[in-house]
Protein chains: 2
Amino acid sequence: MTRKPNTEPAPASAAPVRAITKEDVARAAGVSHITVSRVINTPEKVSPETRAKVESFIASMGYIPNMLAGGLASRRTRIVAAIVPTISHSIFAETVRGLSEKLSEQGYQLLLGQTNYSETAETALVEAFIGRRVDGLVLTGVQHTARTRQRLKAAGIPVVETWDLTKRPIDMLVGFNNHEAGRAMGDYLINKGYRRMAFIGGEDPRGMARFSGMRDAVLAHGAQEPIHIKIPLGSFLHAGREAIGLLLREHPDVDAVFFSNDVIAAGAAMECIRRGIQVPRQIALAGFANLEIAPEVTPALTTVQISGHQIGLTTAEMLLARFNGLGVAQPICDLGYSIVEREST
Amino acid sequence: MTRKPNTEPAPASAAPVRAITKEDVARAAGVSHITVSRVINTPEKVSPETRAKVESFIASMGYIPNMLAGGLASRRTRIVAAIVPTISHSIFAETVRGLSEKLSEQGYQLLLGQTNYSETAETALVEAFIGRRVDGLVLTGVQHTARTRQRLKAAGIPVVETWDLTKRPIDMLVGFNNHEAGRAMGDYLINKGYRRMAFIGGEDPRGMARFSGMRDAVLAHGAQEPIHIKIPLGSFLHAGREAIGLLLREHPDVDAVFFSNDVIAAGAAMECIRRGIQVPRQIALAGFANLEIAPEVTPALTTVQISGHQIGLTTAEMLLARFNGLGVAQPICDLGYSIVEREST
DNA sequence: GTGAAAGCGCTAACAC
DNA sequence: GTGTTAGCGCTTTCAC
């Protein structure tokens, strides 16, 4: 006998000292624990009668397999970790929703981490998640510390970077070109006849890329260097409201503003309404991401359409393909972008 | 010799066949693996010299402990799972943010699940999370399937229900009384002189409780039975816009509307602006939750203040107290609510 | 202060 | 189709 049988009677308390194991179920059903394992993982390899018997005991005993032990033995946890700057603003929430939806279809769970736009926080989270032996890791952006990259290489797990593009991803990539998207909006605004531009946004790498793209377009057309107003992270609607106030006061000649996302732009739109400023006659406003608020606010926002939800879905599909041993033909997925014209420009 | 030493040379590939273990570090440092374990978990029990030596090897070898194995042996995973209806609307995102913030301070990670307001999805998630042997579980609401309750009892782990109140929680509870909050808003609107009320919201249990509280208040004052317009889940701003349109068309006598959250109310406010309807002169609008959008939209929304973020923080504190062996004196935490009066009523 | 032995609950590889 | 054996990498208990 290699294992001491559990001879003590079950305690009366609701919280058992010890959870039910495969061994317990096996003993009750009169089979070996490996048969119970097969009933759960590869039912087709067990005879129908044995299977039915074991399944009934699993149900009646309320057995829930310990995936910690399973993961340790099989080296597969069926957990994917996602690291986003913040979950509070709809920007990344849609990606998380897409990921969670798709992964749960195949029994994978999502471990979530927030960095507040800090690279060192990202590194710490990456190490914590590697320690949990997640099967895959999803990062936001393509800019990471050397240590993050090195840990990820050493761990050898599938990694997907998102929301941006680069020629040399760590592993896989699902995103769009922020610089090009910014340039497209700059071109659009120039073509609409606007000449004195401003950009209102935070200083995260992707926001900065959009600004720099817009700046390139504007300068290429011989217009003036755009004004850049930086806003703090956090309260986006309010920040947009304050920033547009500042801009109107200090740069009354500006005729078009590009925002690093629609929520900030919506805050600015609301402030313009409150002040009786005509949009786009006096000033044009353009957002980014085509979030839920963009078509709803007055005036409806011209914006750059990208799909946060689709980023989540595609990322999950790539990961699942790798988990299932299917190669991923194209490790870089450019989801593109497009300008959506509405009333605000 | 009880364990076969790892005699093969490390492979040249970036992704090692086998991750570095405590055993590897121990061998390099010339100590036993248990000493490495102590350096990580209880450094005060190791002599400073040994500790320094081991720590330098941990760093140089890039060792990351396998928490799966640790969790299996110690029966503590340092993972908390949270189950919310959806993460896409700021309502629960703030709670998740609070949880994640506070838990990560003590090295706990957050496993996230979404139910889309389905109780059976909740049950499946609860079982999956118990299988992962999470140290604690956070649920939204107090209404759960019998099976969920039974599984949770059997697992014997700390559970916190949130966003509502009940006399008999499964274990712990952090929330507020939705019925009372609805009644308070009903009283407020009556006191402001409104008489013909409507409620616009989804059919989740907490929204229904707010409606029923508001209805009680209105009927107690002898006013007419309020109209209830149900909206689909999903696009809240748009749903608010559509619902207010429907209401204005079919019930032009309504003078005040209570919404099940601020996002829906904001959508309605935007529609009123677009139609040139005077708020609150022609119709008053009141929201719920005091989300970021409430003070920003025009007109600024009267709402019921509650703190999703605080729910997350308090929930995390209760769980951590239990994990650390400190009893939780008061298992039910009523965070209360208050009416915030703004321009819309 | 340090180490040896035992086992957490499961799966992989190999028998029969 | 079913069972046996041998770990997965760690912590716990007990010994020194």
*Considering heavy-atom distances to DNA chain C, does B:L72 or B:R51 have its closest nucleotide positioned more toward the 5' end?*
B:R51

*Examine the base of D:dT11 for any acceptor or donor lying under 3.5 Å from a partner atom in the side chain of B:H33, and report the outcome as yes or no.*
yes

*Check whether any side-chain N or O of A:T35 sits under 4.0 Å from OP1 or OP2 of D:dG3, and answer yes or no.*
yes

*Only one of B:R149, B:R151, B:E122 forms a side chain to side chain donor-acceptor pair (under 3.5 Å) with B:H144, so which one is it?*
B:E122

*Does a nitrogen or oxygen in the side chain of B:S47 sit under 4.0 Å from OP1 or OP2 of C:dG1?*
no

*No-H, no-angle donor-acceptor pair, B:R38 side chain to C:dG3 base, under 3.5 Å*: yes

*Considering just the side-chain nitrogens and oxygens of B:S37, establish if one lies under 4.0 Å of OP1 or OP2 belonging to D:dT11.*
yes

*So which nucleotide from C:dG3, C:dT11, C:dG9 ends up closest to the side chain of A:K22?*
C:dT11

_Side-chain N,O (A:S74) to OP1/OP2 (C:dT11) below 4.0 Å_ = no

*Measure from the side-chain heavy atoms of B:P65 and tell me the nearest of D:dT4, C:dT2, D:dC10.*
D:dC10

*asked:* In this structure, how many angstroms lie between the C1' atom of D:dG9 and the CG atom of A:L68, rounded?
replied: 11 Å

_Contact under 4.0 Å: A:N41 side-chain N or O vs C:dT11 OP1/OP2_ = yes

*What do the steps show when you test B:E49 against B:K53 for salt bridge (Lys or Arg N to Asp or Glu O under 4.0 Å), and what is the final call?*
CA-CA 6 Å; B:E49 310 86 65; B:K53 186 172 61 180; over 6 Å; no

*Side-chain contact, heavy-atom cut-off 4.5 Å: A:K22 with A:Y63?*
yes

*State, without any angle test, whether B:T123 and B:T145 hold a side-chain donor-acceptor pair at a distance under 3.5 Å.*
yes

*Among C:dC8, D:dT2, D:dG7, the one nearest A:T50 by side-chain distance*: D:dT2

*Grab the CZ-C1' distance between A:R78 and C:dT11 for me, whole Å please.*
13 Å

*What is the minimum heavy-atom distance between A:P331 and A:D171, and which atoms define it?*
CB-O, 3.8 Å

*Choosing from C:dC10, C:dC8, D:dT4, which nucleotide comes nearest the side chain of B:A73?*
C:dC8

